[in-house]
Amino acid sequence: MAQICPISPDSLQRAKAIIASGGLVAFPTETVYGLGADALQEDACKKIYKTKGRPSNNPLIVHTDSFKNALSLTSLTPNTWQHDAFVTLGKLWPAPLTLVVPAASLFPKTVTAGLPTVALRVPQSQAALKFLQAVHTPIAAPSANRSSYVSPTTAQHVADDLGEDLELILDSGETQFGLESTIVSIGERNACLLRPGALTYEELKELIPELTLAKPQSEQETPSAPGQLALHYSPHTPIYLREDAPSNHSPSHTALISFSATTQEENTDYASITTLSDSKNLNDVARKLYAALRSLDTKGLDAIIVDTCERDGIGRAIMDRLERASAS
Ligand code: TXA
Ligand code: MG
């Protein structure tokens, strides 16, 4: 069974030894907890796929501790639009932002799933940066959950999913943002938002006016990111967006996740109501959403009904995850 350890010189030393010997370490970031392996060791990266039950065509994000190190992991050509866009967006690092660019040739195929591009991220959380500095190698890490389940926002979530298969889970408490990083793919002359996150489309478009939104999955011929498959991040209990919820739901077997304070009448309509924010503060909603889904998923309910919000700012990321979780 995995040990859950706070970040300390001792636990970082252990993490370093495990990573160097080709093992896996779960670690916190500001978005969700990651399941890390040395991105330069093929067999170590294969363990990530095996442990998660992840399809081999879904590439990993490579984490590093600085823009300079990230740049050295690309094959970008100086004085090109693509290079300049990477510099412009890379200046936002450390941040909940992942950039997809042409890969340096040093990565094992397992990391990139054989693609010519690599997804790079410099995380913002001090705990993640300490881990990356201690191990001193780029770290390939997906979210530390079983494939297609809800991402973990606490060390205990990781232990619940993967505890049997891991030695060490580094713990720095609840993650700050609670949703996975924003992913931008940078092409030769354009950039595309593949996955919305806490760094918003609106903020990024200020810096790169060429930035476009990926088409919804249903309109794409081939998925732009294999992990963008429709059913993703989903609990076992059926999830309904509030506007699509069946009107004849059984109050004793249905829970509501609300984004704002609820009324007395609503209380009798549900077995339980989880209020993520009293005043529809969407940063609070994003931070607490996955923990609420995980907790309600253990209660043997028939359905979980979830509030909705406008699809802009952080709301775009919240609705993206809820639509995936409720896709049937
Ligand atoms: O916040 C996060 O990004 C967390 C933490 C641990 O950093 N990681 C995370 O990883 O969410 P994961 O594996 O759950 O999601 C990675 C996504 C997938 O959708 C994958 O398809 C996409 O990144 N991706 C990776 N490499 C790619 C590439 N070369 N081109 C397009 N998409 C890529
Ligand atoms: Mg994931």
Side-chain angles (χ1 to χ4, degrees), residues 24-37 39 45 48-49 51-65 70 73-75 93-104 107 109-125 127-129 131-132 138-153 157-158 161-162 169-170 172 175-187 191-199 214 217 220 222-234 286 290 317 320-321 324-325:
L24 305 181
V25 172
F27 65 101
T29 80
E30 72 280 16
T31 58
V32 299
Y33 277 68
L35 180 63
C45 294
I48 293 179
Y49 287 84
T51 304
K52 282 193 57 136
R54 184 180 178 97
S56 61
N57 67 349
N58 191 0
L60 305 173
I61 296 177
V62 175
H63 300 69
T64 184
D65 63 355
L73 300 173
T74 75
S75 60
W93 281 332
L97 172 69
T98 297
L99 300 176
V100 176
V101 286
F107 292 110
K109 273 209 164 54
T110 321
V111 172
T112 56
L115 295 171
T117 52
V118 64
L120 297 171
R121 164 157 135 78
V122 180
Q124 172 180 323
S125 104
L129 289 170
F131 167 68
L132 292 168
I139 291 289
S143 49
N145 51 279
R146 292 241 180 262
S147 188
S148 88
Y149 197 59
V150 182
S151 291
T153 56
H157 293 161
V158 181
D161 284 12
L162 305 174
I169 302 170
L170 295 173
S172 69
T175 60
Q176 183 188 347
F177 294 110
L179 297 178
E180 303 82 352
S181 63
T182 306
I183 304 183
V184 175
S185 167
I186 304 178
C192 181
L193 187 102
L194 298 183
R195 179 172 76 182
L199 242 171
Q217 190 72 30
Q220 282 180 28
T222 50
S224 45
Q228 313 301 79
L229 301 174
L231 191 62
H232 211 58
Y233 317 109
S234 57
Y290 286 168
D320 170 74
R321 303 312 190 274
R324 288 172 204 284

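Order of listing sets the numbers, starting from 1, for every ligand and every atom in it.
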message = Tell me the contacting part of Val100 for ligand 1: side chain, backbone, both, or neither, using a 4.0 Å heavy-atom threshold, strictly below.
response = side chain
request  = Return yes or no for this condition: an N or O of Lys52 is under 3.5 Å from an N or O of ligand 1.
outcome  = no
key: Within-4.5 Å side-chain heavy-atom neighbours: Val150 and Asn145   = no
Proximal candidate to atom 33 (C) of ligand 1 [heavy atom criterion; set Gly114, Pro59, Ala26] = Pro59
inquiry  = If the condition is side chain to side chain donor-acceptor pair (under 3.5 Å), which residues does Thr182 pass it with, not counting sequence neighbours?
reply    = none
inquiry  = Set out, in order, the CA-CA distance, both residues' side-chain angles and the distance that settles side chain to side chain donor-acceptor pair (under 3.5 Å) for Thr31 and Ser181, then state yes or no.
reply    = CA-CA 6 Å; Thr31 58; Ser181 63; 5.6 Å; no
note = A student checking ligand 1 against Arg54 at a 4.0 Å heavy-atom cut-off should list atoms 13 (O)
inquiry  = Just to be sure I'm reading this right: ignoring hydrogens, which of Arg195, His63, Glu180 gets closest to atom 7 (O) of ligand 1? Compare them by their nearest heavy atoms.
reply    = His63
task = Please check if the side chain of Ser143 supplies one atom and the backbone of Gly34 the other of a donor-acceptor pair under 3.5 Å.
result = no
query = Does Arg121 reach the main-chain N or O of Pro94 with its side chain, forming a donor-acceptor pair under 3.5 Å?
reply = no
inquiry  = I'd like to check whether Tyr33 has a polar contact with ligand 1, where a contact means an N/O of the residue lying under 3.5 Å from an N/O of the ligand.
reply    = no
ask   = Which bit of Thr112 gets closer than 4.0 Å to ligand 1, counting heavy atoms only: side chain, backbone, both or neither?
value = neither
message = Is it the case that the side chain of Arg54 and the backbone of Ser147 share a donor-acceptor pair, with hydrogens and angles ignored and the cut-off at 3.5 Å?
response = no
request  = Evaluate the side-chain contact (heavy atoms from CB on, under 4.5 Å) criterion for residues Tyr33 and Ser172: first the C-alpha distance (whole Å), next the side-chain angles of each, then the deciding distance (0.1 Å), finally the verdict.
outcome  = CA-CA 10 Å; Tyr33 277 68; Ser172 69; 4.3 Å; yes
note = Within 4.0 Å of some non-hydrogen atom of Ala119, the atoms of ligand 1 are 25 (C), 26 (N), 27 (C)
request  = Kindly confirm whether the Mg ion (ligand 2) is within less than 2.8 Å of some N/O/S atom in Ser143?
outcome  = yes
note = Near Thr117 (heavy-atom distance under 4.0 Å), the atoms of ligand 1 are 28 (C), 29 (N), 30 (N)
For Ser143, atoms of ligand 1 separated by under 4.0 Å from a heavy atom = 8 (N), 9 (C), 10 (O), 12 (P), 14 (O)
task = Please identify which atoms of ligand 1 are closer than 4.0 Å to at least one heavy atom of Ile61.
result = 3 (O), 8 (N), 9 (C), 10 (O), 16 (C), 23 (O)
task = Check whether any side-chain N or O of Lys52 sits under 3.5 Å from a backbone N or O of Leu162 as a donor-acceptor pair, and report yes or no.
result = no
